[in-house]
Protein chains: 2
Amino acid sequence: MSKKDDQALQLDAQLCFPLYAASNLLTRLYRPLLDELGLTYPQYLVMLVLWEQAPASVGELSQKLYLDSGTLTPLLKRLEAAGLVRRRRSAEDERRVEVSLTPKGLALKKQAQDIPGAMGCRIGLGAEEFVSLRSELRGLMHLLGEAHAKI
Amino acid sequence: MSKKDDQALQLDAQLCFPLYAASNLLTRLYRPLLDELGLTYPQYLVMLVLWEQAPASVGELSQKLYLDSGTLTPLLKRLEAAGLVRRRRSAEDERRVEVSLTPKGLALKKQAQDIPGAMGCRIGLGAEEFVSLRSELRGLMHLLGEAHAKI
DNA sequence: GCAATTTATATTGCACGCAATATAATTGTG
DNA sequence: CACAATTATATTGCGTGCAATATAAATTGC
């Protein structure tokens, strides 16, 4: 096993690890703010989608958030139990489940308004780095989508 | 609620989401390769650390990987059950648990040699973008560490 | 028009991640 | 040296993520 081989397996040589660790840390940083809304981080993502476009089917949520029904179904049931969303079978296609906002779910948007700003402030990332990093991550997402399709 | 407020809550405006989604997708992409080694992705990260520096205490692993004992303890027990690592209380400080590699755990490093290259190939990210993105993510990690310390 | 296939969601099982708490060993303080 | 405070790890509980499988509705092929 040469030195070069060793280097490839070093934690610091990986791209995956800072991605994984930053994602975990960022989610942790959201928690105190989201606790006030009674949401977890993935629940917050679902609400972001619904605040933009409700109703949405489970499949639409799945496609936008890259999560499958095994994750979304129980998550949506918890949002429903919290009184934030409704779930009902589509009339046209009985396979589909349409998720819509309750008045309480819509009202929660007001409480969420300050979260992006507060998080941006807490992180302290400059506007340019913010846009640049987001852009690079979108590029990576595109490549990962292609790579995943090849399997 | 103004249009500008709405925009701040759009999924596409977030930095957190592509980070979260890319991390999930990348972990999913690792799975078929790691399955051959019988490792999950976080178990792979632990092995990366140990292949560089064994033995390591739970606390050292925790610090390097940004994971707490609630995650590491059961994970290490599974690695131990798989015969890849040993766990034993430190002689000098009985609070600490030293994690070391078994011969089987060390031998697994050979099988892992090709993983970084194979993943790089699958993703198809250019060397420059790879280094650039990794560098930006490290910068973000630094900021997130500071932000987390302030809470 | 009906059987085979495809599609949409649900269920099951397992391994995280992490907050909160518990336990035990060490260190600091008088 | 006793004893409070700190430190290292373990445990508990809950909510993901996701592969594998199940179920039921819609679509396709003949």
Side-chain angles (χ1 to χ4, degrees), chain A residues 17 20-35 37-47 55-63 65-82 87-99 144 148 151, chain B residues 17 20-35 38-46 55-63 65-82 87-99 144 148 151:
Chain A
F17 173 62
Y20 164 87
S23 176
N24 285 347
L25 272 187
L26 187 53
T27 297
R28 233 179 289 175
L29 211 56
Y30 266 95
R31 186 182 299 254
L33 295 180
L34 293 178
D35 276 349
L37 310 194
L39 294 175
T40 65
Y41 179 71
Q43 287 169 7
Y44 171 67
L45 293 179
V46 168
M47 294 303 286
S57 70
V58 173
E60 285 166 337
L61 292 169
S62 171
Q63 191 204 337
L65 298 175
Y66 300 89
L67 296 171
D68 70 359
S69 69
T71 300
L72 285 173
T73 296
L75 186 157
L76 291 169
K77 284 183 178 176
R78 281 186 283 269
L79 287 181
E80 189 178 38
R87 297 159 64 241
R88 63 170 212 286
R89 291 278 164 185
S90 160
E92 311 94 63
D93 186 339
E94 287 277 344
R95 292 171 304 180
R96 295 171 38 137
V97 169
E98 297 287 341
V99 183
L144 291 173
H148 200 264
I151 299 179
Chain B
F17 173 62
Y20 164 88
S23 175
N24 286 347
L25 272 186
L26 187 52
T27 298
R28 232 179 289 175
L29 211 56
Y30 266 95
R31 185 182 301 254
L33 296 179
L34 293 178
D35 276 348
L39 294 175
T40 65
Y41 178 71
Q43 287 170 7
Y44 172 67
L45 293 180
V46 168
S57 69
V58 174
E60 285 166 337
L61 292 170
S62 171
Q63 192 205 335
L65 299 174
Y66 301 89
L67 297 171
D68 69 1
S69 68
T71 300
L72 285 172
T73 296
L75 186 157
L76 291 169
K77 283 183 178 176
R78 281 185 283 270
L79 287 180
E80 188 178 39
R87 296 158 65 240
R88 62 169 213 287
R89 290 278 163 186
S90 161
E92 313 94 60
D93 186 339
E94 286 278 345
R95 291 172 304 180
R96 293 169 39 129
V97 170
E98 297 286 340
V99 183
L144 291 174
H148 201 265
I151 299 179

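Residue numbers begin at 1 in each chain, while the letters A, B, ... track the order of the sequences.
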Considering all heavy atoms of both residues, which atom of B:Y44 and which atom of B:Y30 are nearest to each other, and what is their separation?
CE2-CE2, 3.9 Å
Starting at CG of A:L75 and ending at P of D:dC18, how long is that distance when rounded to a whole Å?
13 Å
Looking at A:Y66, I'd like to know whether one of its side-chain N or O atoms comes within less than 4.0 Å of OP1 or OP2 on D:dC18.
no
Could you give the CG-to-P distance, from B:L29 to D:dG17, as a whole number of Å?
18 Å
Which part of the nucleic acid, if any, lies within reach of A:G70 when heavy atoms closer than 4.0 Å are counted: base, sugar-phosphate only, or nothing?
base
Whole-Å distance, A:R31 CZ to D:dC14 P, equals 14 Å
Its 5'-most and 3'-most nucleotides having an atom under 4.0 Å from a non-hydrogen atom of chain A, DNA chain C is contacted over C:dT7 to C:dA19
Taking atom P of D:dA8 as reference, at what distance in whole Å does atom CG of B:L61 sit?
14 Å
Could you pull out the closest heavy-atom pair between B:E98 and B:P55, with the gap in Å?
OE1-CB, 3.9 Å
Using whole Å, what does the distance between atom P of nucleotide D:dA8 and atom CD of B:E98 come to?
12 Å
At a heavy-atom distance below 4.0 Å, what parts of residues 87-97 of chain B sit against DNA chain D?
B:R87, B:R89, B:R95, B:R96, B:V97
Minimum heavy-atom distance between A:D68 and A:S62, given as atom pair plus value
CA-OG, 4.1 Å
Using atom CG of A:L65 as one end and atom P of D:dG15 as the other, report the distance to the nearest whole Å.
19 Å
Name the one of B:L76, B:T71, B:L67 that satisfies side-chain contact (heavy atoms from CB on, under 4.5 Å) with B:L61?
B:L76
Using whole Å, what does the distance between atom P of nucleotide D:dT16 and atom CG of A:D68 come to?
13 Å
Tell me whether A:R96 is salt-bridged to A:E94, with the criterion being a basic N under 4.0 Å from an acidic carboxylate O.
no
May I ask you to say whether A:E80 pairs ionically with A:R78, meaning some side-chain N is under 4.0 Å from a carboxylate O?
no
Does A:R89 reach the main-chain N or O of A:R95 with its side chain, forming a donor-acceptor pair under 3.5 Å?
yes
To the nearest 0.5 Å, tell me how far B:L45 CG sits from B:L72 CG.
10.5 Å
When the nearest nucleotide of DNA chain C is assigned to A:N24 and to A:S57 on a heavy-atom basis, which residue is associated with the more 5' position?
A:S57
Kindly state whether the ring of A:Y66 and the ring of B:Y20 have centres lying under 6.0 angstrom apart.
no
Comparing nearest nucleotides in DNA chain D, the 5'-proximal residue of the pair A:S69, A:Q43 is A:Q43
Round to the nearest Å and state the distance from A:K77 atom NZ to D:dT16 atom C1'.
15 Å
